[in-house]
Amino acid sequence: MNIQLVDLVSLHKKLKPEIDAEMEHVLSTSYFINGPIVQELEKNLAEFLSVKHAIGCASGTDGLIVGLMALGVKPGDEVITSPFTFAATIEAILFVGAKPRYVDIDPQTFNLEPAFLTDVISEKTKVILPVHLYGQGYKLPEIVEIASKYNIDILEDNAQAFGATYNDKPLGTFGKVSATSFFPAKNLGAFGDAGGIFTDDDALADKLRMISQHGSKLRYHHEFLGLNSRLDALQAAVLKAKLPHLSEFNQARLNAANWYDRYLASANVKVPYREPNSTHIFHQYTIVLPEDGMRDNLQEALKKHGVPSAVHYPVPTHLQPAFKDKNYPEGSLPIAEQIAKRVLSLPMHTELTESQVQYVSEKIVECVGRA
Ligand SMILES: *Cc1c(COP(=O)(O)O)cnc(C)c1O
């Protein structure tokens with residue numbers, strides 16, 4: 001059986017006519033930077049997320065950087081985040097000269113645990129940066145309440161949960177600003193790097209837009225330090241064609257997750273916990289092995305049966321050589337450290353069939369046994 005971790009080829013075959021039409025329009029007008037398609041997409045994205053302003057940018061990583069810059073984060077400031085995330089979250093904090101301050105994660109949702117926040121808040125804390133990992137949110141009202149009590153801004157890393165809601169409110173609308181990624185394998189993916197930034201605040205929207213375009217509103221007049229991080233018009237064309245299908249894509253992932261849950265019900269692994277207040281868009285379907293050392297065996301066994309899998313993420317950020325900080329030695333964030341040794345992400349995409357999911361699940365049970 002041919003099973004892929006992510007299957008963008010089959011999805012493209014279905015959507016090709018719609019995408020080709022949008023791309024052809026860009027090519028025929030040769031309006032490659034900014035232009036009407038980017039504005040149309042931004043309007044559609046803002047509507048989709050129920051937010052006032054959407055600003056396209058070059059990647060999710062840039063969205064986080066531009067977001068932190070617009071919030072005025074400077075060298076010496078501190079940003080509180082999760083150690084169990086993709087490197088980009090931490091790169092953004094370090095790029096603006098700030099320091100990541102970590103709180104450990106909730107062992108079920110793998111998102112930062114707000115109960116630990118007050119322990120690390122200081123006068124230097126400028127921003128809380130929650131990451132909605134794998135596609136769902138966790139205790140957002142608690143984070144919002146603590147942030148407003150201490151007068152700290154929230155920037156949401158919504159790269160994996162664009163389209164999910166918490167208490168019926170879209171993730172990406174809880175903070176003063178949020179950033180998402182349209183990396184090809186994300187739930188809404190472009191044909192290359194692309195990202196988006198979202199806010200309800202008019203003045204901040206202006207600033208975000210200017211920072212992403214060389215700190216300039218009027219050409220060759222530069223008011224802030226900025227960068228070149230625009231959303232490419234051809235990527236905007238792809239996204240404009242795909243956005244109306246995003247809810248179907250997320251439903252297809254949810255169906256696959258439901259099949260996995262069913263076929264893995266008796267397996268000696270923990271299937272993804274679903275936070276009752278959140279919807280889950282299953283950017284990843286990530287199981288947890290009951291003991292350290294079991295994951296490598298399982299991954300090897302699956303590979304022998306033609307089943308790919310991946311580890312998101314094998315090393316928590318505080319233990320990455322690039323981000324080492326003497327305040328966070330090994331053992332300082334024990335939940336994230338243990339989870340990093342035990343998680344395994346299974347094939348997850350819009351094109352999975354029930355028989356593929358059943359096959360993968362059977363191979364898992366053969367390897368790890370029943371609970
Ligand atoms: C993908 C991702 C990013 C970065 O997005 P890019 O578009 O690849 O720059 C940031 N944070 C998280 C959690 C991600 O999954």
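Start at 1 and go down the list; that is how both ligands and their atoms are numbered. By convention here, the first residue in the shown sequence is residue 1.
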Pairs of nitrogen or oxygen atoms, one from ligand 1 and one from the protein, closer than 3.5 Å: please tabulate them with distances.
| unit_1 | atom_1 | unit_2 | atom_2 | d |
| --- | --- | --- | --- | --- |
| ligand 1 | 5 (O) | Ser181 | OG | 3.3 |
| ligand 1 | 7 (O) | Gly60 | N | 2.8 |
| ligand 1 | 7 (O) | Ser181 | OG | 2.6 |
| ligand 1 | 9 (O) | Gly60 | N | 3.4 |
| ligand 1 | 9 (O) | Thr61 | N | 2.8 |
| ligand 1 | 9 (O) | Thr61 | OG1 | 2.4 |
| ligand 1 | 11 (N) | Asp157 | OD1 | 3.3 |
| ligand 1 | 11 (N) | Asp157 | OD2 | 2.8 |
| ligand 1 | 15 (O) | Gln160 | NE2 | 2.8 |
| ligand 1 | 15 (O) | Lys186 | NZ | 3.2 |

### Task
Output yes when Asp153 and Lys126 qualify as a salt bridge under the 4.0 Å nitrogen-oxygen rule, no when they do not.
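Salt bridge absent between Asp153 and Lys126.
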### Message
Quick check: is Ile211 connected to Phe198 through a chain of hydrophobic side chains (ILVMFWY, heavy atoms under 4.5 Å apart)?
### Response
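Looking at the clustering, Ile211 is in a separate group from Phe198.
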### Query
Stepwise, does the ring pair (Phe, Tyr, Trp, His ring centres under 6.0 Å) test hold for Phe282 with Tyr134?
CA-CA 6 Å; Phe282 287 99; Tyr134 303 153; 9.5 Å; no
### Steps toward salt bridge (charged side-chain N to carboxylate O under 4.0 Å, His left out) verdict (Asp7, Lys13)
CA-CA 11 Å; Asp7 183 0; Lys13 281 183 191 145; over 6 Å; no
#### Entry: Passing candidate, side chain to side chain contact (heavy atoms under 4.5 Å, CB included) with His305, options Glu362, Lys363, Met1
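Of the listed residues Glu362, Lys363, Met1, the side chain to side chain contact (heavy atoms under 4.5 Å, CB included) partner of His305 is Lys363.
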### Query
Hey, would you say the Phe48 and Phe162 ring centroids sit under 6.0 Å apart?
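Close enough - the centres of the two rings lie under 6.0 Å apart.
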